[in-house]
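Here's the structure, in structure tokens; my notes come after.
In what follows, chains carry the letters A, B, and so on, assigned in the order in which the sequence lines appear, proteins first and then strands, with residues in each chain numbered from 1.
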Protein chains: 2
Amino acid sequence: MVKNILKAKAKRSMKTKSKLTGSSMRAKQITINDIAHLASVSKKTVSRVINEIPTVNVEIRDRVNEIIKKTGFRPNPQARGLAFRKSFLIAMIYDNPNATFIVGMQAGILEALRGSGFELLVHQCERRSPRFVPDVREFVERLQPHGVILLPPISENPVLIQMLHEVGCPHVSVAAARIESAMHRVVSSDRDACAEVALHLTELGHKRIAIIAGPQGHRSATERLRGFTDALQNRGLLMPPELIAQGLYTFESGIQAAEKLLSVYPPPTAIFATNDEMAAGVYQVAHRLGIEIPLQLSVIGYDDNPIASRLWPPLTTIRLPIPLMARLATTPLISSGNAHLQQDVALVTPNLVVRHSTAPPSSKRSRNIRA
Amino acid sequence: MVKNILKAKAKRSMKTKSKLTGSSMRAKQITINDIAHLASVSKKTVSRVINEIPTVNVEIRDRVNEIIKKTGFRPNPQARGLAFRKSFLIAMIYDNPNATFIVGMQAGILEALRGSGFELLVHQCERRSPRFVPDVREFVERLQPHGVILLPPISENPVLIQMLHEVGCPHVSVAAARIESAMHRVVSSDRDACAEVALHLTELGHKRIAIIAGPQGHRSATERLRGFTDALQNRGLLMPPELIAQGLYTFESGIQAAEKLLSVYPPPTAIFATNDEMAAGVYQVAHRLGIEIPLQLSVIGYDDNPIASRLWPPLTTIRLPIPLMARLATTPLISSGNAHLQQDVALVTPNLVVRHSTAPPSSKRSRNIRA
DNA sequence: ATGCCAAAAGACACCGGTGTCTTTTGGCAT
DNA sequence: ATGCCAAAAGACACCGGTGTCTTTTGGCAT
């Protein structure tokens, strides 16, 4: 009798197949009821086996497990989600041009999710669009993910975070600063990292140091600028305003900023570009002007984008511990119980990666630069 | 009476909230039954309104829609999926170090998915792992996505594709060649693009041209090598074996290949690196050896990775129409009806982007290189 | 043999939607 | 007034799981 059920199912499946394009048709799904019939137990007992509830007779457990394995049964995720009132979905929401960062975070989140039963949904948005927050809201309400991870810079947006609170969606902000309103945060101490940059340059003997800051409104931009200038000040170096250029974290803005900075007199002997894209812009301008890095100009970037090590000379930069950040961002969202409801902050330290774009300032450089 | 139901619900919601951490608790979900009560119609009628079934009285339709809007009701995706026997999930599966390509495809797929009701799941895998295919199988069986998009090089794996057929999962292969076994394919004519590269170099007057090929087993590698050598042959140029180097699409392998190629005598006047990472390796070696690009050596890459335009001089390369490829990959999976069951092939043409890394060969270069 | 009780298993309702079949509604010809 | 019929709406089962409460099982003390 049990066998007949399976046969009937197989037949139906065949019929469906032949009606359509054959091999490409999805086979009839095996359900918990089929397993229950085959094992001659109730579906509830199968459910217990699936969820590893201990109050199941070992013999029955083994029998059910064997049938599950033999039939290749997988619980339907929709049904499971519906019954559990839980979506088993984590979403990563971003609006960020830095592909390396996105893919790195994505890989790390997937790694942290492995075996947890959760899956990763991605959602790209446009923070400059007037429909930015409503669009994300629509996404969150429609998908009802179990939690969302916000990448910078949208992770800093108070309106977005407020909306997530309103719709009751757990979230974690990955940012360069403690975003107070966010439920959970992973914060990288960009400020400390930039102090390290200042230290490195002053120890090499640089006195006239320029910085290309990030776009206004980005917390990472203010943190990096602040960390750098404060550290210089602690060492008795004041940053003259003409050596502070405004950038947009883009290659082109790096070029413009570099052109501006290298035309002041006396020119800086070192430039700290607050991301690698802008540092690449500095390289470009230096090449055009015939300025040799690091002999005539030291350059430091931020991110350890692949570009950094491809440039010539390889760029000294700051590396974010992306896999760690990804793990820290994921954990509070999938931790069991109500632990995930407690606010938490995880701090993470970026590291200086010294390559070949920095050297002591050379006395001959002011001559050469005029050429 | 209708109002009482709502009030009761609100009360229950409040109670739940106060028991837990308050604001961070997810609010009680509004369901189709609530809407039905409020509108004094059956849930089936609400269902009809949601799904825009035309056989609904306009007055009722408007009334229901207004209540939906006012309450902010969203159909539960799990319930919807369960009832429709459809997951509304598309998965992008990849194992690829090229972050730009991944994020680009991802953005394009998300764009194509916008408004369709489908969402994007991402899954990274390791094609070298012995558990590669079983792992993907587990993923596909567990999530039961409506379709999957395979990025190269796993898009070429016949065992993987066979498995997807077995479990009945619709899929599209994005690759540099027509993968016969795949259900749908988006193929870029890398061969033609590389012929264009050959044309460009020969027209500049190069006769001694080297190539750094991609890793064995990658279809893109064989296609690019073939397209290039065939085109040279058509112009009467035979590629001597010592000018064909084996690379792995990595920066380091580009360095090694360049070292080898630049040590043969007479050295090549141009190197076609079959991706930008390897081209960056060529730049690195050229810098170390004091070889000037493009005066003494022309270099061409492939991908139009951001690196290409950041290098100095900016690298001439091939650009894949990634947004188009993403759209073409997405459409067959979400098209309605059984249209998506018909195999299809979409062809796409990459373009040569000429920048500043190529120039006519210079007679003085063989002198300089010996230095 | 009987009663008691904890462990194991099952019955049944439910999660929140859709499909299918039936019933209601109301305009029109007779 | 009555019958007919298409359009509109509803009843009910179902998708495939889990939660809760009840029933069954079987070992042990009496």
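- Salt-bridge formation is detected for the pair B/E180/B/R185: a Lys NZ or Arg NE/NH1/NH2 atom is positioned less than 4.0 Å from an Asp or Glu carboxylate oxygen.
- Among the atoms of the strands shown, none is found under 4.0 Å from any heavy atom of B/I50.
- Take the nearest nucleotide of DNA chain C for A/K44 and for B/F73: the residue whose nucleotide is more 5' is A/K44.
- Under the 3.5 Å distance criterion, the side-chain polar atoms of A/H123 are left unmatched by any main-chain donor or acceptor of A/L121.
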(request) Fill in the dot-bracket string of DNA chain C, one character per base: . for unpaired, | for a pair to another strand, ( ) or [ ] for pairs within the strand, taking Watson-Crick or G-U pairs under 3.5 Å. (result) ||||||||||||||||||||||||||||||
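- The residue B/R74 sits close only to the backbone: its heavy atoms come under 4.0 Å of sugar-phosphate atoms, none of a base.
- Residues B/R80 and B/N51 have side chains that bring a donor and an acceptor to within less than 3.5 angstrom of each other.
- Inter-residue side-chain proximity for B/I68 and B/I50 is flagged as met; some heavy-atom pair is nearer than 4.5 Å.
- Between the side chains of B/Q106 and B/Y94, not a single donor N or O lies within less than 3.5 Å of an accepting N or O.
- Sequence order on DNA chain C of the closest nucleotides to A/V56 and A/L82 puts A/V56 first from the 5' end.
- Nearest-nucleotide positions on DNA chain D for B/S42 and B/A83 put B/S42 closer to the 5' end.
- Residues B/P54 and B/A79 each lie close to DNA chain D; by heavy-atom proximity, the contact nearer the 5' end of the strand is made by B/P54.
- Looking at every heavy atom in both residues, A/I154 comes nearest to A/L160 through O-CD2, 3.5 Å.
- A nucleotide of DNA chain D counts as in contact with chain B when one of its atoms lies under 4.0 Å from a heavy atom; the first and last such, 5' to 3', are D/dA8 to D/dG16.
- Within a 6.0 Å sphere centred on CD of A/Q162, other residues, nucleotides and ligands contribute more than 12 heavy atoms.
- For CD of A/E66, the number of neighbouring non-hydrogen atoms (other residues, nucleotides, ligands) closer than 6.0 Å is 12 at most.
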